[in-house]
Each structure stands twice: as structure tokens, then as C-alpha cells.
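Protein chains get the first letters and strands the later ones, always in sequence-line order, with residue 1 at the start of each.
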2 protein chains.
Amino acid sequence: MNGRHSGRPTLEEVALRAGVGRGTVSRVINGSPRVSDRAKAAVEAAIAELGYVPNRAARALAGNRTDAIALVIPEPETRLFAEPYFSDIIRGIGAELADTDMQLLLTLIRTPKERARFAQYLAAHRVDGVLLVSVHEDDPLPDLLEQLEMPAVLNGRRSDLESVSYVDADNVGGARAAVAHLIARGRRQVATITGPPDMYVARSRLDGYRQAVESAAGGLGGFDTALVARGDFTEEGGRRAMRELLVRRPGIDGVFAASDVMAAGARAVLREAGRRVPEDVALVGFEDSAIARHMDPALTSVRQPTEEMGRTMARVLLEEIAERASVRRHVVLATELVQRDSV
Amino acid sequence: MNGRHSGRPTLEEVALRAGVGRGTVSRVINGSPRVSDRAKAAVEAAIAELGYVPNRAARALAGNRTDAIALVIPEPETRLFAEPYFSDIIRGIGAELADTDMQLLLTLIRTPKERARFAQYLAAHRVDGVLLVSVHEDDPLPDLLEQLEMPAVLNGRRSDLESVSYVDADNVGGARAAVAHLIARGRRQVATITGPPDMYVARSRLDGYRQAVESAAGGLGGFDTALVARGDFTEEGGRRAMRELLVRRPGIDGVFAASDVMAAGARAVLREAGRRVPEDVALVGFEDSAIARHMDPALTSVRQPTEEMGRTMARVLLEEIAERASVRRHVVLATELVQRDSV
DNA sequence: ATGAAAGCGCTAACAG
DNA sequence: CTGTTAGCGCTTTCAT
């Protein structure tokens, strides 16, 4: 015998107690409208009396779903945990899921082997949907998900033509706003430190920079490649880029860095070079990590609505799961320029 | 009919293909020794050919288990995410679970309502075990878990008499080592900034301090309450405590802070007061957040083996789940003094 | 060692 | 609207 009748009441016992059939109980539980008020009341009473809680596994088996979604964290990014970004994303997801009985599975993928394993999970339909963060351009997972027709939402996108649903921050707009701010404040030679060009997010921020300088009135001379230096989203990269810029255009009086960490590096170099920040050279960074904010609380930056991104990702995913159709959604959330310096 | 025969091969199909009964396939999958090599080989071949993956829900239903554990994060701590501590804990758990087919559920609990909901989860045996972090002394969850006979492991403990299994850092030893270090370096008036006395971790670190000063040779005068100031694990708390100490014992030449954040606060006050750190006053903090490390990379501190704690928690939990018996395990992991200043 | 059979608790199709 | 009836895919006796 198997039947460790776990002690826990079953749907059948509820039905008995309520004096109805199992089907009716099931309907009540699942909020079907095709139930009389009388029956519904009886069932609800029975449920309360018995302290009945549906068995998830049975439900999943019979209903061919799992009521669970996975949040996938690729390895190089497990460090990501240590950042407010991640904290906020998770908090947002949690908030959105709170009123659902959807479970959140945390899946760390650090090796190709683990990725293969996760692919199996997916194939076995062990989750109803997937949330992906920090997806790289060459990540095979999104395509696999699509092929499997598994609902999925990315945070960020791989390119302009992203086919999978995604929720992203308005990187172009944020960068544009940052640079426009600098220009509006009277800065005439505004440079930018970019991220790796093979990352969409880096290209977007560069686009924003370009739009702002090109549309600026007055004699800024439009887009000047000498004012663009490539960084790699690290502090050291920011340092190198800033040194280059200083050599190429010593008269720089404003810098937009595509990440706050790079901004911190740039600031250090500027000060070493005897430039006052922000008086001589105003600096704005795109706030990814907020670690840099600890380093310099006075750094003006472009803030992302991270928690809202998490919430939105979850909401979009739930919608995608609900409607069986595979409609892709693309959401871009606004960023906000937070001025922390006095210039 | 229900049978959206999902396309996925079932155990039965494997059995057919392998020319054996379903029971045999099940035994092979679960690594039962009571299977002939021949049958085993046949089954494994069939599994590979068909790309069979067991259905988790069916398994859970039949086996009365879930192959999932929950990591519970109480609300006030969701900020915790933003710290390396959390990152490391999760990485450790992930590493330990990687070779298992145990899933990790992330459960955020921010309201009493959500706690009640989670209690239902537990009662409904929706997970095989629970991992709890940052448990407060008055947290009702551990007792509930115990009452439900649900395997559980805490990170840290509520008191000396903790009944639930836990994995903790050696707070007493770490504090003792820190203070002994200070004394060995010639510091004669070593003060301490403590955490809230209703937190076990704070009391432990104070105990370590006391042990070190009491066992110190030479004229340190033993434990002096005037050298103990209460903080609250915040930077501002550290500041206040440091100011008090400076008033009570202006001659202080060493400080052990029960957290690195408080150490950062103390350092700021010391410098304002014209004391050189670490030359005039050497400072050691207990490394909880590492945010402070960013503020002052040169701060000597007591480091905790956080990732190992996560790994250990998971391992202990898996063991507890495996053996049905409810044996409690208490693991205390060593800390390490990392000297980052030159004094 | 292994096949057969009996569920695990629930959902959904079906017939009223 | 509601009771009945088939399974969902697997584990676990129970014989053999």
C-alpha cells in the first residue's frame, strides 16, 4: 500500500461534507461561475471546517501545469545578487506574485551542463513560464524557450528585433535626458564613455547620447567621435576611457558614462588630472549598480525603475501564461534623471 | 477526456520500449539495487532513445513529496538581497543543490498575511524542507516548522538553546580573534560597539570581546563596561556609539565594532575628532555587508564564510529530509580575520 | 528480480 | 447547474 493518507483532507472529503459532488468542489475552488450560491456556500463552509488545502501535485498532474515560474540567473551574473538591481527585481516579482498561487523557482545556471539540465526541465514542462535576467546577445536560452513555446519574459533585450517578450528600461531616453541635462547646464563639450558595442544596452545609451548632441541647438558641432570612448562597464574601463578622452579633447566639460561604475572610474581620473568634479567637468552616470553611489553619493545619475521592471516582468509573464496564445509583449519603462550635484 | 498527451514520453512507454514492466523502469530511475543489470541497461537505453524525463507532478503525487525546498526571506530583509551576504548564501545553496533534482523556491514574506499563507503551504506539504535566513528572536516560523515536523535549517540561531537545526558563523570566536589581534598589536584600551542586545548575534560578538579582554595578559584591567557602547548595526548607530566612547574614554586606541557598517560610522567620527585611523585608533569590524568595505577598503575585518554557510545549510537540510528521523544538527563555521590595514 | 495492479488527489469532459 | 467518470504519470505493494 501507498496511501499514507497524510491526514490532510482531500477534495473528496470536502465534497462529502458539503453534500455535493467532487466536480462541484473543484469548480468552487477554481472560481468557476457555473456554481449555485447555495452549493458554493456549502463547499466553502466545508473547506473552512476541514482546513482543506488543495494538493498542488495532484492539481499539476491532472491539469497539466505547475503553477510555478522560474527565474533564471546565468552564472557570471550570480554576483549580480550583490546589487540593488537584483534585489529590486526580485522584490518586484515577489510583489506581483504575492496574490497569485504561482511559485517562484530560483534557477542558477553556471555551467553548460546545468544549462542542458535546465533545458530538460523546460522540455519536461516543469514550469509554466520563465523569467530571464541579464541575457547576453548570444544566449541560446531565449530561442530555446521560443521554440518550446514556453512563455518567457526577458529583462532587457538582445537586439532591436527581439522576438521574445521583454521588459526594458528606456536606455535611449535616459541617456538622452542625461546629456540634454548637461547641455542645458551650459556644458559645451560633452563626451561619453560607452559600454561594449556588442551589448544592446550599451548601443542604446550611445544612441541616446548621439540624439542629444545632434539635436542640441548652438555650436556643439554635433556628434564628434573623438568625444566617444569605449569602456566595458568596469571602473577600470571607465578610468581608461576617461584618460583617452582627456588626451583627445582636453576641453571636455561634461561626461555621460553608460554606467555608474564607469562614472566612478572617470571621476577618479578627472580628479587626478586636477579637474574639479562637477564644477569643471560635470558627470552623469547610468545607475546600474548603486555601488558607485556609495562611492560618490553626489553623483548625478539616471535611475532605472528596477522594482517596477520586476513587477512588470512577472505581470507580463502571467498574462502570457493565461492566454494560451503566444503574443509577444514589449514594454519599455521610463528612467529618471536624479540630480545629486549642484551643477 | 483530459489527456492532452503532451507528446512527452511516459514511464509506460519506456517500459514498453525496454520490454519490461513499469515497476522495473521506476526502480531503475530511482536507483533501486533490486534490478538486474540486463534490465537496467535496457531501460537506460530506452530512456535515452525516447528522451524520457520523469514527470515531477506525478512523482510528487505518488510519492507524497515535492522535491522542492523553500528559501524564506522575511520582509525587512529583502534589502538583504543587495548584499554580498545574500548573494553568497544563494550561491552556496545553488551549488549544493546542483547535483540534486531538488528545486529551490524563493519565498518572500512581507506581511503577516503572507506569513499565514506560507504556513498553509507548509501545512499542505508543498515543500520538503525550509531554509530560513535572518531569523529574529521572536519569529514564530521556526516553532511552527518544528511543530509540523518539517525539516528546517536556520542561518544563525535565536538563542543558545536553539532547537531547530542551524548553521551559524563563529561569532564569538571571530570577535575574540579581532580583539586579541588588537591587543597583540599593542592596543591598551580596546572598546567595542555592540549590536542590539536582543539579538543573539550581537550578544555573541560581545561575548567574544569580553573573553578576549578578560584573558588578555598585562594591565588591560579586564572587562570595563565604559568601553562598551551599544549600537544598532547601522552606520548612524556606530557614530553615536563612537561619540559616547570618546567621551567616556578619550584614551581609546582600539575599537571592535560588531558590524562593518558600524565600523564605518565609528571611523567617520574618529576622523572628525582628529584621531588618525588606524594609527591612533585601530578599528576592526565584523563583516556583514561589505558595503562598508567599499567605503573603506582598508578596514580590517572579520570575514564570514558566507557561501559555505549556504552550502552547509542546504546539505544539512537534504540530510534531514533524507532520514525521516528528526535529528537536529548544529553547525558553527569558523570566521577569518582579514587584516587590511598596516597597524 | 520483476510484472501486475492499486491508488496518490485532482481536473475536465460528459451526461443529465 | 451538478454528479459521475476517466484518466494525469508515477510509486509501491503484492504476488510470482
If you take atom types as modelled and just measure distance, does the side chain of [X] reach the base of [N] with a donor-acceptor pair under 3.5 Å?
{"X": "R8(A)", "N": "dG9(C)", "answer": "no"}
{"X": "R56(A)", "N": "dG9(C)", "answer": "no"}
{"X": "R22(B)", "N": "dT11(D)", "answer": "yes"}

[N] [atom2] sits how many Å from [X] [atom1], rounded?
{"X": "L16(A)", "N": "dT4(D)", "atom1": "CG", "atom2": "C1'", "result": "14 Å"}
{"X": "I29(B)", "N": "dC10(D)", "atom1": "CD1", "atom2": "P", "result": "7 Å"}
{"X": "L61(B)", "N": "dT11(D)", "atom1": "CG", "atom2": "P", "result": "11 Å"}
{"X": "R65(A)", "N": "dC8(D)", "atom1": "CZ", "atom2": "C1'", "result": "12 Å"}
{"X": "E12(A)", "N": "dT5(D)", "atom1": "CD", "atom2": "P", "result": "12 Å"}
{"X": "L11(B)", "N": "dT11(D)", "atom1": "CG", "atom2": "C1'", "result": "9 Å"}
{"X": "D67(A)", "N": "dT11(C)", "atom1": "CG", "atom2": "C1'", "result": "12 Å"}
{"X": "E13(B)", "N": "dG9(D)", "atom1": "CD", "atom2": "C1'", "result": "10 Å"}

(request) Kindly say if S26(B) contacts the phosphate of dT11(D), meaning a side-chain N or O under 4.0 Å from OP1 or OP2. (result)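 Yes.
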(request) May I ask you to evaluate whether N55(A) reaches the phosphate of dC8(C), defined as a side-chain N or O under 4.0 Å from OP1 or OP2? (result)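 No, outside the criterion.
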Which residues pass the side chain to side chain contact (heavy atoms under 4.5 Å, CB included) test with [X], sequence neighbours left out?
{"X": "T312(B)", "result": "V167(B), E308(B), R315(B), V316(B), V331(B), L333(B)"}
{"X": "E49(B)", "result": "R17(B), A45(B)"}
{"X": "R22(A)", "result": "L11(A), E12(A), A15(A)"}

(request) Spell out, as yes or no, whether a donor-acceptor pair under 3.5 Å connects the side chain of D128(B) to the backbone of D67(B). (result)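 Between the backbone of D67(B) and the side chain of D128(B) there is a qualifying donor-acceptor contact (under 3.5 Å).
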(request) Could you tell me whether the side chain of R65(B) and the main chain of H125(B) form a donor-acceptor pair under 3.5 Å? (result)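 Such a contact is absent between R65(B) side chain and H125(B) backbone.
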(request) Would you mind telling me which residue lines up with the more 5' stretch of DNA chain C, A58(A) or G21(B), judged by nearest nucleotide? (result)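 Per heavy-atom nearest nucleotide, the more 5' residue is G21(B).
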With sequence neighbours left out, write down each residue that passes side chain to side chain donor-acceptor pair (under 3.5 Å) with [X], or none if nothing qualifies.
{"X": "D139(A)", "result": "none"}
{"X": "D143(B)", "result": "R158(B)"}
{"X": "S163(A)", "result": "E146(A)"}
{"X": "Q304(B)", "result": "D288(B)"}

(message) Need the bend value for the helix from dA1(C)-dT16(D) to dG16(C)-dC1(D): angle between end axes, 5 pairs each end, nearest 10°.
(response)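 That helix gives 30° between its end axes.
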(request) Kindly point out which of dC10(D), dT11(C), dC14(C) is positioned nearest to the side chain of R59(B)? (result)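 For the R59(B) side chain, the nearest candidate turns out to be dC10(D).
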(request) Among the candidates dT11(D), dC8(D), dT11(C), find the nucleotide nearest to the side-chain atoms of N30(A). (result)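 Between dT11(D), dC8(D), dT11(C), the one nearest the side chain of N30(A) would be dT11(C).
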(message) With the threshold set at under 4.0 Å for non-hydrogen atoms, list the residues of residues 33-54 of chain A touching DNA chain C in residue-number order.
(response)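 Heavy-atom cutoff 4.0 Å gives Y52(A), P54(A).
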(message) Please compare V25(B) and V25(A) by the position of their nearest nucleotide in DNA chain D and report the one closer to 5'.
(response)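 The 5'-side residue here is V25(A).
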(request) Compute whether any side-chain donor of one residue and acceptor of the other, for N64(B) and R59(B), lie under 3.5 angstrom apart. (result)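 There is no such pair between these side chains.
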